[in-house]
Every structure is written in structure tokens, then in C-alpha cells.
**Student:** 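Can you keep this structure in mind? I'll have questions shortly.
All values below come from the heavy atoms of this structure, side chains included, with hydrogens, waters and symmetry mates left out. Letters A, B, ... mirror the listed sequences (proteins, then strands); counts begin at 1.
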Amino acid sequence: MQKPTLPKGTRDFGPVQMARRNFIFDTIKSTFQQFGFMPLETPAMENLSVLTGKYGDEGDQLLFKILNSRPHEAKEVEKEKMQQEFTRLLAQNSNSSLLTEKGLRYDLTVPFARYVVMNRNDIAFPFKRYQIQPVWRADRPQRGRYREFYQCDADVVGTDSLLCEAEIVCMMNQVLTQLGITDFTIKINNRKVLTALAEMAGAPGQEGPLCVAIDKLDKIGREKVEQELAERGFSPESIGKLDPVFTMQGTFGEKIQQLQQLFASSETGREGVSELQEVMELVNGFGLQNPRLEFDVTLARGLSYYTGAIFEVKVNNVQIGSISGGGRYDNLTGAFGLPGVSGVGFSFGVDRIYDVMEELGIFPAHNAASTRVLLVAFDAEARKYALPVLRQLRQAGINSELYPDQTKMKKQLDYANAKSIPWVVLIGSDEMASGQLALKNMQTGEQQSVPVEGLIGKVSQ
RNA sequence: GAGGUUGUAGCUCAGCUGGUUAGAGCGUCGGUUUGUGGCACCGAAGGUCGCGGGUUCGAACCCCGUCUUCCUCCCCA
């Protein structure tokens, strides 16, 4: 028989990993709730019409599409059409509802927008929801990149208040700090600034290619960026006009001032800059000790639906992509027939956060969810005696178990060791006769006799 | 999508320019010890060398294909 395998880019999560993942999920969830967000879940699969065209060409390529069920039951005429469609699909990337009409969700924001539109009459705006579910991308797996991974989204729709942006910065700070990640940077920029830059460079509407190039500034340096801009069709004068972008330095406020001058004649640009400034002021208003917020003109982000602020969080000195990101999208619901609903949201990448925490070695050692007490019985009578004891422990909220098989004590103690169970209660004829149970501390090896009633107190310390 | 890389026991890896029955450590199981774990000692189980084809008297090793792993680019959480 062949050994079973997992599909590329997917993983199992064993008990140890799950305990750690749940620690991350719980931290994120409680922060979201603290800030007034309500839970939502949507199906793993969506109609392809919901998904396509929302993530740009690159994104569309990465969609997992689901083959329509029971193609063999189609009528002969349809089968012929299906074959033609399949030939067409092999030649170019497109959809054919005859073959596939559903796909796995690519992120949580678009399904959320779909939900908002479908439930617009029942929703009280501004609507704040959080959503923690897996998403799927037919990407090539790499470090920190999987084909199935979890996102933890929080979005607000129905308000364009920049308070939402400021609160996102607060939540990013709170979650990462609580997880024990301290050396990180929250980068912020605004799509309007990028739009204005493109206009200024005499290439209106070309912010896409512009961003892709300047986004690499800190990675490949100015010369190579200019070279890439030239390759992407920007003229030498255009590139010259971008000079201030390359040389921009200083604090958040200083950069803002430089841009204000630069955008003297661009309304869009000034708008973007003043939004950035207001977000900064609001964040300061919250009085964060260390907001770790940095303005980065070269921050672009790929998703095509962003229109205002954009965020990205990088952990410093760890070689992995961003662990969180988001932004404002003014018209995502417009794609589903409900224009004029502005939204802003962000997402934590749990899988990457996990990788970062593992690399930094900052997972808490103790696991509150595991077994605290193992009952070891020597014979059938002792087992019978153990059952009510087990029940009492559990009723007192103490995770406990009785070794299910009657085997040698060595094996049972080994089991306790393997599961790092801190306490073992031994029950045999002596204990049953005296009513004093033998309680063993597995770390120190100490053993004491305690009556059943005393057990709970000893063990819950 | 382009380029590179990896695959040998449950895990981490050896395996010489192709040459008998493919090894180690850890882990597992059994024993020394039928009511006391971690240590020690003794013993055992466990592998169509990723899969398929080819070259050869002979392939874990060479060639081709395929899948997988990880990496760079692209893009992204």
C-alpha cells in the first residue's frame, strides 16, 4: 500500500501546534472583541462570479476553482460543449460555468463584502465584524507561504472615519505585544499618495507598475528601481520627478511636511497626506507607549481594491513576509451592486505569526489546556474506586483522566511523562483500605497521602 | 509561470570513483524490576533507498521522466 500524503502547501496541526495556534487565535479574538467587533463565518466556497476580478490578474490566477460535480451525468450535447470549453481553458485562463462555477475563498474581505450586500437591510451600520477562517491560494509554497492558511480579519464598513484606521494600529500593537513580539514595524501609506505620485510623474493611472517598482527600494536600491521603472515604460523625466520619493527621510511628521510641499498642485495627493496626518494624530491621541508606526511612501500592496490607507506589519530581523496587512477600500461592495459603502479592514496571518514566534522561541511553555491529573489504578476494583474520584476532579474543573487499559505502572507513568501531566494519583488496595490516596508530583517525584477531599486543593495549586 | 534544490527506518542523518545480507543516533516495543517514571544495561521489531522507466554482469549511487521538499524571482498572509 502506498503511504498517504498531503496536498502541496497544506499541513496537519498536531496537539502541540494546536495549543500554540489556539493561543494566537484566542489573543487575536479577545482583542477584536474588546474593540467591538462581532464574529462572522462564511462558506469555504463562493460562486466564482463573487471572487473573480477582485484581486487583479495575479490574484485571479491563484484562485482554486472547483470542478462542477457529476460531469459524467451531463447530456451528450452538453458533454460536447464541455469538451470544447475545456480545450479553450487549456489555451487561456478564463472561466467556463459549464465546467466550474465555484471557487475556494481567496481572502475574507471579499466574502465579507458579499455578505454585507446580501444583508444590507438587516445590518446596523457602521458594521464591525471579525472573521477567523482558512483561505486558499494556488501559490507556489515557500517559507511562510502556504496554499491553505488562516486569516484573522477585522473590518468596519459604513463609515469613512479615520478613527477606524487609528484603531487598527492599536489592535496591531496590542495583539503582537500580548503575543510577546516586540520588535516590529507598522508601515502605513495611502493609495491617494501613490495616485498623485503617478500623476506627478506624468503617468496618470500607472500607479500599479510604479508601486511594484518603488516597493523594492529598500531591497534592491535606487539605481535598480530606476532601471525597472525605465523598463516599465517610464521616461527619464518622469523618473526625475520622483526624486523626492527616493530621498525622503525623517520622522513621520517631517515626511508628511515634505509631501505636502510636493503635492502643492495635486488635490488627491494633499488629501492622502492629510489623511495620513490625521491617523497619526489619532494614534497619538490614544497615548500608545510605542506605536511603532512608520510612514513608508514605497509601501504599495498588491490587492487592487484598496483606495485609501494601506497597512503592513513586518517583524524586524526575521526573514519572513508581512504578518499583517490591510487598508481602506471605498467601493468593494460596489462590485456587488451596493455603491457608496466605505470600509477598512486588516488581517493577521496566523501561520506566519506562528513561524515567527517559533523562530524567536517565545511560545509560553505551559499549556493550560492539557491534562493535570492522571489516575492510575492497579486492578479492576481500583478502577471502580477511581471513577467517582475522576468525576469529582472533573466537576472541580480539573482536566483529568484514568488510564484506559490495565497495564503495568511503568507504562502508565511513561504516559504521564509523555503528556507532561504534572500529577498522578495511584490507587491500589492500600489506598482503598485507608481512604488515603497516593498523590505523586511527577516533576519532583515526591509522593504524599491525601484523602479524596484533599485532592482537589493539592492539585489545583 | 521561470530557475535551482531535496527525497534512505517513526524522527535526524551516514552510505567511499556503481560491487555480497543498506548503517548509526534518537524514538518505539520487550526484559533486568508482576505497586512507582526520567538513569543504566541487555534484546527485538522496523526500509520494494519518493515513484516509473532506462544504462549495466551488477544501481541507494549514472541517465530520462514524474511527484515531493526547500530556496530565489514574480506575487503575497
**Student:** With sugar-phosphate meaning primed atoms plus P, OP1 and OP2, does A:Q151 contact a base, only sugar-phosphate, or nothing at under 4.0 Å between heavy atoms?
**Tutor:**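 Sugar-phosphate contact only.
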
**Student:** Could you state the CG-P distance from A:L62 to B:G1, rounded to the nearest angstrom?
**Tutor:**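 Distance, rounded to whole Å: 11 Å.
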
**Student:** Taking the six-membered ring of A:F64, is NZ or CZ of A:R147 closer than 6.0 Å to its centre and within 45° of its axis?
**Tutor:**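 No, A:R147 and A:F64 do not form such a contact.
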
**Student:** If you apply the rule ring pair (Phe, Tyr, Trp, His ring centres under 6.0 Å), what do you find for A:F346 with A:F311, and how did you get there?
**Tutor:** CA-CA 8 Å; A:F346 76 115; A:F311 303 98; 7.5 Å; no

**Student:** Should A:V344 and A:I168 count as side-chain neighbours, where that means a heavy-atom distance under 4.5 Å?
**Tutor:**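 Yes, close enough: below the 4.5 Å cut-off.
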
**Student:** Closest approach to the side chain of A:L413, judged atom by atom: which nucleotide of B:C76, B:G37, B:A2 is it?
**Tutor:**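 Among B:C76, B:G37, B:A2, the one nearest the side chain of A:L413 is B:G37.
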
**Student:** B:U36, B:C73, B:G37: which one has an atom nearest the side-chain heavy atoms of A:Q142?
**Tutor:**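 Given the options B:U36, B:C73, B:G37, the side chain of A:Q142 is closest to B:C73.
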
**Student:** Give the minimum heavy-atom separation between A:A386 and A:I427, together with the two atoms involved.
**Tutor:**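 Here A:A386 and A:I427 meet closest at CB-CD1, 3.7 Å.
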
**Student:** For the C1' atoms, the ones on B:A2 and on B:U12, what distance do you get once it is rounded to whole angstrom?
**Tutor:**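 Pairwise C1' distance, B:A2 against B:U12, rounds to 33 Å.
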
**Student:** Which listed nucleotide (B:U69, B:C74, B:G35) is nearest to the side chain of A:M409?
**Tutor:**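 That would be B:G35.
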
**Student:** State yes or no: are the ring centers of A:F32 and A:Y130 separated by less than 6.0 Å?
**Tutor:**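 Yes: the rings meet the under 6.0 Å criterion.
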
**Student:** Check every atom of B:A77, B:G38, B:C71 against the side chain of A:Y146 and return the nucleotide holding the closest atom.
**Tutor:**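 For the A:Y146 side chain, the nearest candidate turns out to be B:A77.
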
**Student:** For atom C1', what is the distance between B:G58 and B:A22, given to the nearest Å?
**Tutor:**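 Looking at atom C1' only, B:G58 and B:A22 are 16 Å apart.
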
**Student:** May I ask you to check whether A:Y150 and A:F348 place their ring centres under 6.0 Å from each other?
**Tutor:**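 Not under 6.0 Å, so no.
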
**Student:** A:F149 stacking on B:A77: centroids under 5.5 Å, ring planes under 30°?
**Tutor:**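 Stack criterion met.
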
**Student:** Using Watson-Crick or G-U wobble geometry with both distances below 3.5 Å, tell me the partner of B:U48, or none.
**Tutor:**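 Base partner found: none.
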
**Student:** Which part of the nucleic acid, if any, lies within contact of A:R140, taking any heavy atom under 4.0 Å across all strands shown: a base, the sugar-phosphate backbone alone, or nothing?
**Tutor:**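 If one applies the 4.0 Å heavy-atom cut-off, A:R140 turns out to touch a base.
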
**Student:** Determine the Euclidean distance between corresponding C1' atoms of B:C49 and B:A14; express it in Å to zero decimal places.
**Tutor:**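 The answer is 13 Å between these two C1' atoms.
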
**Student:** What distance, rounded to whole Å, do you find between the two P atoms, one in B:C16 and one in B:G50?
**Tutor:**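 The same atom, P, in both gives a distance of 14 Å.
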
**Student:** How about A:E148 and A:T10: does a side-chain donor come under 3.5 Å of a side-chain acceptor?
**Tutor:**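 The criterion, which ignores hydrogens and geometry beyond distance, is not satisfied for A:T10 and A:E148.
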
**Student:** If we take the C1' atom in both B:C39 and B:U21, what is their distance in whole Å?
**Tutor:**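 Comparing C1' positions in B:C39 and B:U21 gives a spacing of 35 Å.
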
**Student:** Can you tell me the pairing partner of B:C11 across any strand shown, Watson-Crick or G-U wobble, with both distances under 3.5 angstrom?
**Tutor:**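 WC or wobble partner is B:G25.
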
**Student:** Using a strict heavy-atom distance below 4.0 Å, which residues from residues 312-332 of chain A are in contact with RNA chain B?
**Tutor:**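 Going residue by residue through residues 312-332 of chain A, the ones with a heavy atom under 4.0 Å of RNA chain B turn out to be A:S322, A:I323, A:S324.
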
**Student:** Applying a 4.0 Å non-hydrogen cut-off, can you work out what A:G445 is touching in the nucleic acid: base, sugar-phosphate, or nothing?
**Tutor:**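 Since a base atom lies under 4.0 Å of A:G445, the category is base.
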
**Student:** Is a side-chain donor-acceptor pair under 3.5 Å present for A:Y115 with A:E41?
**Tutor:**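 No, A:Y115 and A:E41 have no side-chain donor paired with an acceptor closer than 3.5 Å.
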
**Student:** Hey, which of these two, A:T10 or A:K408, hits RNA chain B nearer its 5' end, going by closest nucleotide?
**Tutor:**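 Final value for this comparison: A:K408.
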
**Student:** Check the distance between B:U72's P and A:D139's CG and give it to me in whole angstrom.
**Tutor:**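 After rounding, the gap between these two atoms is 13 Å.
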
**Student:** Determine which nucleotide pairs with B:U36, using a 3.5 Å limit on both distances of a Watson-Crick or G-U wobble pair.
**Tutor:**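 Base-paired to nothing in any strand shown.
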
**Student:** Below 3.5 Å, does any donor atom in the side chain of A:Q443 face an acceptor in the base of B:G38, or the other way round?
**Tutor:**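 No.
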
**Student:** Would you kindly give the CG-to-P distance between A:D430 and B:G35, to the nearest whole Å?
**Tutor:**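 So the CG-P distance, A:D430 to B:G35, works out to 13 Å.
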
**Student:** Donor-acceptor check, side chain of A:D296 to backbone of A:I188, threshold 3.5 angstrom: yes or no?
**Tutor:**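 Not at all, since once roles are kept as given, no pair shorter than 3.5 Å links the two residues.
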
**Student:** Taking atom types as modelled, is there a side-chain donor on A:D160 or A:S342 under 3.5 Å from an acceptor on the other?
**Tutor:**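 Checked: A:D160/A:S342 side chains show no N/O donor-acceptor pair below 3.5 Å.
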
**Student:** From C-beta outward on A:K410, which listed nucleotide comes closest to its side chain: B:G37, B:U69, B:C76?
**Tutor:**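 Ranking B:G37, B:U69, B:C76 by closest atom to the A:K410 side chain puts B:G37 first.
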
**Student:** Regarding A:G56, tell me which of base, sugar-phosphate or nothing describes its non-hydrogen contacts under 4.0 Å with the strands shown.
**Tutor:**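 Nothing, no heavy atom under 4.0 Å.
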
**Student:** Please determine whether any donor N or O and acceptor N or O are separated by less than 3.5 Å between the side chain of A:Q412 and the base of B:U36.
**Tutor:**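 When only heavy-atom distances are counted, A:Q412 does not reach the base of B:U36 through any donor-acceptor pair under 3.5 Å.
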
**Student:** Taking a pair as Watson-Crick or G-U wobble with both distances under 3.5 Å, which nucleotide is matched to B:U72?
**Tutor:**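 Matched B:U72 with B:A2 under the 3.5 Å cut-off.
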
**Student:** Strictly by modelled atom types, are A:D183 and A:N316 linked by a side-chain donor-acceptor pair under 3.5 Å?
**Tutor:**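 Yes, because at least one side-chain N or O of A:D183 sits under 3.5 Å from a partner of the opposite role on A:N316.
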
**Student:** On RNA chain B, does the nearest nucleotide to A:F348 precede the nearest nucleotide to A:G9 from the 5' side, or the other way round? Give the residue.
**Tutor:**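 Counting from the 5' end, the first nearest nucleotide belongs to A:G9.
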
**Student:** Have a look at A:Q61 and say if it touches a base, only the backbone sugar-phosphate, or nothing, with a 4.0 Å heavy-atom cut-off.
**Tutor:**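 No contact.
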
**Student:** Using the ring of each side chain (for Trp, its six-membered ring), is A:F23 parallel, tilted or perpendicular to A:F363, with breaks at 30° and 60°?
**Tutor:**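 The rings of A:F23 and A:F363 stand perpendicular, inter-plane angle above 60°.
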
**Student:** Any donor-acceptor pair under 3.5 Å joining the side chain of A:R352 to the base of B:C76?
**Tutor:**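 In this structure, the two groups form a donor-acceptor pair.
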
**Student:** Using the C1' atoms only, state how far B:G19 lies from B:G10, rounded to an integer number of Å.
**Tutor:**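 Taking atom C1' in both B:G10 and B:G19, they lie 31 Å apart.
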
**Student:** Would you kindly give the CG-to-P distance between A:L104 and B:A77, to the nearest whole Å?
**Tutor:**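 Atom CG in A:L104 sits about 18 Å away from atom P in B:A77.
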
**Student:** How many Å lie between OH on A:Y55 and C1' on B:A77, as a whole number?
**Tutor:**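 It is 13 Å, rounded to the nearest whole Å.
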
**Student:** Taking the same atom, P, in B:A24 and in B:G47, what whole-Å distance lies between them?
**Tutor:**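 Each nucleotide's P atom is 15 Å from the other's.
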
**Student:** Considering only heavy atoms and no angle criterion, is a donor-acceptor pair shorter than 3.5 Å present between the side chain of A:K440 and the base of B:U36?
**Tutor:**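 It does, because a donor-acceptor pair links the side chain of A:K440 to the base of B:U36 below 3.5 Å.
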
**Student:** When you compare B:C26 with B:A44, how far apart are their P atoms, in angstrom units rounded to a whole number?
**Tutor:**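 Result for the P pair: 16 Å, nearest Å.
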
**Student:** Could you list, one pair per line, each protein nitrogen or oxygen that sits under 3.5 Å from a nitrogen or oxygen of nucleotides 27-29 of chain B, together with the distance?
**Tutor:**
none

**Student:** With hydrogens left out and only the distance checked, is there a donor-acceptor pair under 3.5 Å joining A:R145's side chain and the base of B:C75?
**Tutor:**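 Flag set: donor-acceptor pair detected.
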
**Student:** Taking atom types as modelled, is there a side-chain donor on A:Y305 or A:D107 under 3.5 Å from an acceptor on the other?
**Tutor:**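 Yes, because at least one side-chain N or O of A:Y305 sits under 3.5 Å from a partner of the opposite role on A:D107.
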
